[in-house]
Amino acid sequence: MGANQSHRDFLESSDEEEEEGSTSDSIIKTPPSLDDVESKLKALKLKYSSSTITNPNAVKLYLHVGGNTPKAKWVTSEKLTSFSFVKTNSVNDEDENEEEEEEEVRDSENFWVLKVGSKIRSRVSVEMQMKIFSDQRRVDFVAGAVWAMKFFTEEHCKDFVTQFENCLFENTYNVEGNEKNKVKIFGKDFIGWANPEAADDSMWEDAEDSFSKSPSPIRPTHDLREEFEEASNGGIQSLALGALDNSFLVSDNGIQVVKNFAHGIHGKGAFVNFADGYQSKGSSAFVTPKKTLLMKAETNMLLMSPNTGRETFHSTGLHQLDIETGKVVTEWKFGKDGTEITMRDIHNDSKGAQLDPSGSTFLGLDDNRLCRWDMRDRHGIVQDLADSSSTPVLDWAQGHQFSRGTNFQCFATTGDGSIVVGSLDGKIRLYSINSMRQAKTAFPGLGSPITHVDVTFDGKWIVGTTDTYLVIICTIFTDKDGKMKTGFAGRMGNKIAAPRLLKLSPLDSHLAGVNNKFHNAQFSWVTENGKQERHIVATVGKFSVIWNFQQVKDGSHECYRNQQGLKSCYCYRIVLRDDSIVDSRFMHDKFAITDSPEAPLVIATPMKVSSFSISSRR
């Protein structure tokens, strides 16, 4: 979509009330609601027997057709059908008797499948994007298409949700979804994660009070307007936003320097061509860097490329680029005790560390390692780049190499340098600034790997990215002396708030595409005490999705009414691009102009980068 097209074509306020039978997003036209379809069915004066109404498995089935076109609507698929949960080893609709005869199939290989009439047979999973409307006796979900089931009583609807949650638990953890197993999986301190009604939500309420003092987030009276659009010199791989004068587009063939303005990034500056000297040592093949890190008041950039021949991202070293000269000044190797090791991610020491002109350390993460690297040469020797044997080894300044089982995937830092780490098993661990050996707090996983993690400057809030949802965690607790702390500073005990989930509606999830997943959810960018992050932005396919963080925290928010289980927020804005999005991030808070509630939003696709400013409607 070009800059001349009004954002109203693809943006809708997250504060506006969601219409029944429609979604809260912007690009979907409001289809006829299920009540409209229901009223038409009633006009036909269909008669249901008393046995049908009392049958807890009896439902009406609806199908959404038309996608995001003006003709989008709900249609009746089956006026009367029934659902069932079946444990099987195949999703295919085959003879159940044949399954019973296959005694050699172990029970652990079986899983729960939801069957609805003859049209739906789907493995119970988070990919179904089940959304519950208890007050409407209705559930919406994805199973090859977007479906809705309407129950005859509220009790039947609630019973279905309970059955679905138990089947989901068993499919996820391979144990029955009873109270004993939930305690075993989550632990006594985190039982509120399995039974949110038992959790202490007072911390969310305390946070709402403090958050109300900060500037207001995006409201219906605010516009997102596309200000700038820059074509790239190559396929953009990553976006490195600066908080000072410049930002950087890392592409297949080099780094494009662009200027930072109050309305976004614009105006091409210098271009650093990778062909002028950037390549992995010992290899003539060019390897595009996948990880970048700004340092030394944004005058240097660390570039890390994956080792060739690996299925997952791991690297044995990195290049240090002097942005002012456009030259690689050092190629570093990762090593410990004389042995070469790998890293899968690198990060600044703290939220604002890239602004420190004297910064010489950064953090590293691998599957079972968490450490701090020091670029200062202990021997005071300057590297001779002409001599390939002189590649220096970074100094392992601090850290811990775990024996096994941590499966670290991603990490982030707070303003004071505390560290949050996400893992393959979904666990999120909090490490204090004093020790990387043992986590102060370890939040249990919800069954999905954490692929990206971010944390607020004050360390009170965490957003974890999974393929199908975002998880928001409150780290605040009150210690035995009545002092309020975060889980980075001490063990939280059992007064832990249940997390909240951010999800796409089933329709938006379906429109985003089967293979498109959430990635890189981040808070808006703050590097100063006393300021609050006001939004969360994530990417899925061609969608950049924005949540109002204050609204997410509000326990009385409309989204949370009549929900069962963990509270899930479906109120968001969508910015639609014409190509898959590489990254979408808010610029530094300093670029938020006086009449704007937020800094500009920058969205990068492989061939261009766009900036959206936020201002009051005239």
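Quick note: residue numbers are just sequence positions, from 1. Since the structure is predicted, the reported quantities are computational estimates derived from the model, not experimental observations.
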Measure the spacing between [atom1] of [X] and [atom2] of [Y] and express it to the nearest 0.5 Å.
X: Ile476; Y: Ile496; atom1: CD1; atom2: CD1; answer: 13.0 Å
X: Met130; Y: Glu165; atom1: CE; atom2: CD; answer: 9.0 Å
X: Thr605; Y: Leu239; atom1: OG1; atom2: CG; answer: 11.0 Å

Answer whether the closest heavy-atom distance between the side chains of [X] and [Y] falls below 4.5 Å.
X: Ile472; Y: Trp547; answer: no
X: Phe518; Y: Leu470; answer: yes
X: Leu502; Y: Ile536; answer: yes
X: Lys73; Y: Val65; answer: yes
X: Leu601; Y: Ile546; answer: yes
X: Val420; Y: Ile428; answer: yes
X: Ile191; Y: Trp193; answer: no
X: Lys115; Y: Val86; answer: yes

Any side-chain donor paired with an acceptor under 3.5 Å for [X] and [Y]?
X: Ser423; Y: Arg429; result: yes
X: Thr451; Y: Thr465; result: no
X: Tyr572; Y: Asn548; result: no
X: Ser611; Y: Glu227; result: no
X: Asp140; Y: Gln129; result: no

From CA spacing to verdict: side chain to side chain contact (heavy atoms under 4.5 Å, CB included), Phe169, Cys167: CA-CA 5 Å; Phe169 184 91; Cys167 291; over 6 Å; no

Derivation of the side chain to side chain contact (heavy atoms under 4.5 Å, CB included) call for Leu504 and Tyr469: CA-CA 8 Å; Leu504 291 181; Tyr469 60 85; over 6 Å; no

For atom [atom1] of [X], decide whether the heavy atoms of other residues, nucleotides or ligands shown that lie under 6.0 angstrom number more than 12.
X: Lys119; atom1: NZ; answer: yes
X: Lys427; atom1: NZ; answer: no
X: Lys542; atom1: NZ; answer: no

When you measure from the side chain of [X] to the backbone of [Y], do you find a donor-acceptor pair of N or O atoms at a distance under 3.5 Å?
X: His510; Y: Ala143; result: no
X: Asn57; Y: Ser84; result: no
X: Ser544; Y: Val575; result: no
X: Thr76; Y: Glu78; result: no
X: Thr172; Y: Leu168; result: yes
X: Asn516; Y: Val540; result: no
X: Thr153; Y: His156; result: yes
X: Arg500; Y: Lys553; result: yes
X: Asn181; Y: Glu176; result: yes
X: Tyr560; Y: Val552; result: yes

Between [X] and [Y], ring centroids under 6.0 Å:
X: Phe85; Y: Phe160; value: yes
X: Phe586; Y: His535; value: yes
X: Trp461; Y: Phe549; value: yes

Heavy-atom pair with the smallest gap, counting every atom of [X] and [Y]:
X: Ile450; Y: Gly426; answer: CG1-O, 3.6 Å
X: Pro606; Y: Asp579; answer: CD-OD2, 3.7 Å
X: Gly565; Y: Pro196; answer: C-CG, 3.4 Å
X: Ser610; Y: Arg577; answer: OG-NH1, 3.0 Å
X: Gly447; Y: Tyr173; answer: N-OH, 3.3 Å
X: Gly459; Y: Thr475; answer: O-OG1, 2.6 Å

Worked verdict on Glu127 versus Lys517 for salt bridge (charged side-chain N to carboxylate O under 4.0 Å, His left out): CA-CA 10 Å; Glu127 283 75 22; Lys517 305 170 182 178; over 6 Å; no

Worked check of salt bridge (charged side-chain N to carboxylate O under 4.0 Å, His left out) between Glu229 and Lys608: CA-CA 7 Å; Glu229 182 177 283; Lys608 63 184 178 182; 3.4 Å; yes

Pairing of Arg138 and Glu154 as salt bridge, 4.0 angstrom limit: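 Not counted as a salt bridge, because no side-chain N and carboxylate O are separated by less than 4.0 Å.
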
Side chain to side chain donor-acceptor pair (under 3.5 Å) between Thr456 and Glu533, worked out: CA-CA 7 Å; Thr456 56; Glu533 294 81 355; 4.5 Å; no

